[in-house]
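To start, the structure itself, in structure tokens.
Because only heavy atoms are used, hydrogens play no part in the values below, and waters and symmetry mates are left out as well, while side chains stay in. Since we're looking at a predicted model, the values are computed, not measured.
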Amino acid sequence: MKRCLAWSLTVVFGMAAAAAAQAPMEEQAAEIGQKLEVLRGTIAELAANDVRDRDIADVAVYAKGAEWILRHNEFYRPHYADDALAALETGAARAEAIQKGGESWGRSPGKWILGYRSAVDGSVQPYALSLPAGFDPESRERMPLHVVLHGRGSTLNEVSFIARHDGKPVPESQTWIQLDVFGRVNNAYRWAGETDVFEAIADVARRYRIDEKRITLWGFSMGGAGAWHLGLHYPSKWSSVGAGAGFVDFYKYQNVTERLPDYQHRALRIYDATDVALNLANVPFITYGGELDKQLAASLQMKELADAHEVPLELLIGAEMGHKFDDESFAKFMAFHAGHSEAGRPAFPGRREIRFVTHTLKYNRCEWLTIQELDQSYEPTTVESTVGDDGTLQLTTENVAAVSLVRDAADQVTLDGSEPFPLYSAADQLLPEVYFVRDEEGWEQLEYDDSLEFMENPDGRKRHNLQGPIDDAFMQPFVCVRGTGTPWNEAHEAWAEWTLARFETDWDKWMRGRVPVVDDSELTDELIASRNLVLFGDPGSNAVISQVVESLPLRWTETEIEFNGVRYATGSHGICLVFPNPLNPRRYVVINSGMTMREKDFVASNSWLFPKLGDAAVIRFTEEGNGSFAEETVFATMFTESWTLP
């Protein structure tokens with residue numbers, strides 16, 4: 001008997017247009033709107049009465065679903081209007097339960113919709129949580145967790161996600177807690193979609209006793225692509241990973257034969273799983289493809305790379321199957337995870353022998369190792385370790401300028417053939433990690449005071465979460481700042497305002513949240529300390545741009561912007577860039593850019609969701625008759641490791 005999992009029925013892969021939607025009947029739309037307003041009012045009352053935000057989020061996800069389906073007219077199926085009304089009824093019932101003394105959901109076996117408030121943009125995001133038969137909320141036992149990533153769904157939104165999961169039965173064979181991630185809809189768990197996975201995991205861990213050594217990650221189709229990405233970039237997080245189908249690179253998947261511009265081509269190394277196949281050495285991994293499915297090519301491609309690296313990868317092929325699992329293969333797939341979950345990950349500090357590769361400081365950790373600085377981003381960066389007969393940890397590195405090691409990893413360590421350094425006893429045993437930097441003479445171990453200075457990054461080097469590109473700023477808390485002053489150039493100001501409006505529209509639709517925006521006069525010290533600042537306008541219109549512009553690698557006057565030695569007229573050109581914020585170097589400042597992916601990229605394929613402008617770009621803009629602008633990238637680049645122009 002062949003089997004198609006229920007959640008894979010809605011999968012759409014490759015070049016897929018968004019599903020057509022029809023507005024609900026006028027009476028239904030009115031009822032949804034009225035009940036939404038009532039629920040919003042109740043949520044406001046809960047907040048005013050100091051109800052904890054976690055409980056409010058569990059109510060607000062239902063209101064959020066109704067609000068988004070109305071605003072974007074996402075009634076892709078006739079029953080979606082009824083599903084929206086049902087969601088509002090559940091939200092109202094939960095609010096009433098809180099008012100009467102406390103929540104009762106998520107405390108007994110079953111499938112529940114829960115919510116959390118994202119630190120990225122303050123939005124409420126849902127996830128589904130399955131508690132198995134026999135679950136006891138009072139038990140002190142830590143339970144394994146399965147993190148499941150859904151496939152791309154052209155009809156997926158919050159309402160349909162809620163209807164698919166809320167109150168549905170949990171399989172009798174399930175013995176683990178399961179988190180079905182929403183992931184801000186369809187983005188292959190990239191950017192804020194990636195952040196959503198880890199924020200949802202963190203919320204589950206706050207509510208339930210999870211065994212962090214037994215977290216399984218798996219998904220199918222787009223979820224498979226997400227499993228390749230998250231499984232290989234965070235290899236020390238999971239007891240095992242499984243990818244059913246799912247693309248692993250851009251060029252082959254999209255049949256693109258012409259190389260992209262260098263600033264885009266290099267950025268593909270952030271996400272292409274083929275570039276990090278070596279990390280299969282660090283996490284048990286299984287992949288599946290149907291024999292008749294074109295996505296089998298991804299599994300075969302990764303298996304070939306695994307064999308070339310001499311690292312393990314288990315491959316399953318479903319005989320005569322298309323883009324779905326068969327029963328036998330799925331049983332083997334889940335048995336693989338069960339075995340590794342039972343064994344669990346090695347206890348701290350983890351595997352002693354690792355083979356780790358990255359191309360960006362965004363993904364810089366494996367077991368006891370943190371790569372702190374690179375020689376050059378977007379080039380292969382490797383650390384491999386062995387353990388000598390005397391217990392010495394022996395590291396070989398490539399393209400690494402600085403590392404830190406957990407002191408408990410070994411008593412001593414060698415780096416690239418150096419003499420042994422003490423590890424456990426280093427830096428007076430006052431820091432949990434020991435820092436090493438490399439210069440022309442080799443590796444140097446930092447003492448306590450030097451380690452503290454290094455952590456402050458006095459040389460302004462690229463570091464984790466401060467390495468670019470522009471789009472990275474929107475994986476962390478951010479706020480957009482618009483100007484209230486007199487612009488230096490009216491045409492430039494109109495383009496900047498249009499750019500902010502486009503970002504607000506795209507983020508709302510494709511990342512399922514409202515862009516936080518404040519006026520430059522409203523920017524507080526707390527926001528500067530806690531957010532990436534995204535500034536729109538010019539030094540005349542935006543007081544914050546005026547404050548930071550002298551510290552940016554450009555010259556900006558009322559008539560021109562000079563960048564990389566070239567002068568551009570401000571009446572027809574703007575600059576988009578990301579840079580360490582001069583007002584708070586631990587955070588980014590972004591100038592005149594939201595995410596660099598556009599609606600056409602989200603509609604076309606998740607494989608197109610890679611950075612389009614690098615770290616900095618000069619844009620030629622031309623105003624069109626409808627109030628929008630045509631844009632052309634005339635120059636774009638990545639900054640060096642010291643945030644200078646190449």
Min side-chain heavy-atom separation Ser404-Val434 under 4.5 Å | no

Tightest non-hydrogen contact, residues Leu533 and Leu527, listed as CD2-O, 4.1 Å

Here the gap from Thr274 atom OG1 to Phe250 atom CZ, rounded to the nearest 0.5 Å, amounts to 12.5 Å

(message) Any salt bridge linking Arg54 with Asp203? Criterion: basic side-chain nitrogen under 4.0 Å from a carboxylate oxygen.
(response) no

Quiz item: Within the distance-only criterion (no hydrogens, no angle test), does the side chain of Thr633 pair as donor or acceptor with the backbone N or O of Phe635 below 3.5 angstrom?
Solution: no

Under 3.5 Å, is there a donor-acceptor pair between the Glu353 and Thr386 side chains?
no

On a heavy-atom basis, the closest approach of Pro380 and His359 is N-CD2, 3.5 Å

For a 4.5 angstrom cut-off between non-hydrogen side-chain atoms, does Val479 reach Val534? no

Is a side-chain donor or acceptor of Glu641 paired with a backbone partner of Arg463 at a separation under 3.5 angstrom? no

Point to revise | Side chain to side chain, Gln376 and Arg266, heavy atoms closer than 4.5 Å | key: yes

Is the distance from the ring center of Tyr127 to that of Phe182 below 6.0 Å? no

- Would Phe563 and Tyr568 count as a close aromatic pair, with their ring centres under 6.0 Å? no

Self-check item: Donor-acceptor contact below 3.5 Å, side chain Asn542 vs main chain Phe536
Solution: yes

*Honestly, is Arg190 close enough over Tyr271, meaning NZ or CZ under 6.0 Å from the six-membered ring centre and within 45° of the axis?*
yes

| query | Looking only at atom types and distance, does a side-chain atom of Asp196 sit under 3.5 Å from a main-chain N or O of Gly183, one as donor and one as acceptor? | reply | yes

With a 3.5 Å distance limit and no angle check, can you tell me whether Asp519 reaches the backbone of Ser521 through a side-chain donor-acceptor pair? no

Do the side chain of Asn282 and the main chain of Arg355 share a donor and acceptor less than 3.5 angstrom apart?
-> yes

Exactly one of Thr396, Leu395, Ile354 clears side chain to side chain contact (heavy atoms under 4.5 Å, CB included) with Glu384, and that residue is Thr396

Discussion item. Could you check whether any side-chain heavy atom of Thr360 comes within less than 4.5 Å of a side-chain heavy atom of Thr358, counting everything from C-beta outward?
Written reply: yes

Side-chain (Asp121) to main-chain (Ser123) donor-acceptor, under 3.5 angstrom: yes

(request) Considering only NZ, NE, NH1 and NH2 on the basic side and carboxylate oxygens on the acidic side, decide whether Lys362 and Asp472 come within less than 4.0 Å. (result) yes

- Query: Are side-chain heavy atoms of Phe436 and Gln372 found at a separation under 4.5 Å?
  - Reply: no

Please confirm whether the backbone N or O of Leu374 pairs with a side-chain atom of Arg461, one donor and one acceptor, at under 3.5 Å? yes

Under 4.0 Å between a side-chain nitrogen and a carboxylate oxygen: does that hold for Glu314 and Lys303? no

*Is there side-chain contact between Val283 and Trp238, with at least one heavy-atom pair below 4.5 Å?*
yes

For the residue pair Gln394 / Thr414, report whether a side-chain donor-acceptor contact shorter than 3.5 Å exists. no

| query | Can you find a heavy atom in the side chain of Asp615 that is under 4.5 Å from one in the side chain of Leu577? | reply | no

query = Within 45 degrees of the axis of the six-membered ring of Phe610 and under 6.0 Å from its centre: does Lys612 put its NZ or CZ there?
reply = yes

Check: Ser418 side chain, Leu415 main-chain N or O, donor-acceptor pair, under 3.5 Å: yes

Here the gap from Arg259 atom CZ to Gln264 atom CD, rounded to the nearest 0.5 Å, amounts to 11.5 Å

Check: So, the side chain of Asp520 versus the backbone of Gly483: is there a donor-acceptor pair under 3.5 Å, distance only?
Finding: no

Taking NZ, NE, NH1 and NH2 as the nitrogens, is one of them in Arg269 or Asp249 under 4.0 Å from a carboxylate oxygen of the other? no

Self-check item: Side-chain touch Val517/Val481, heavy atoms, less than 4.5 angstrom
Solution: no

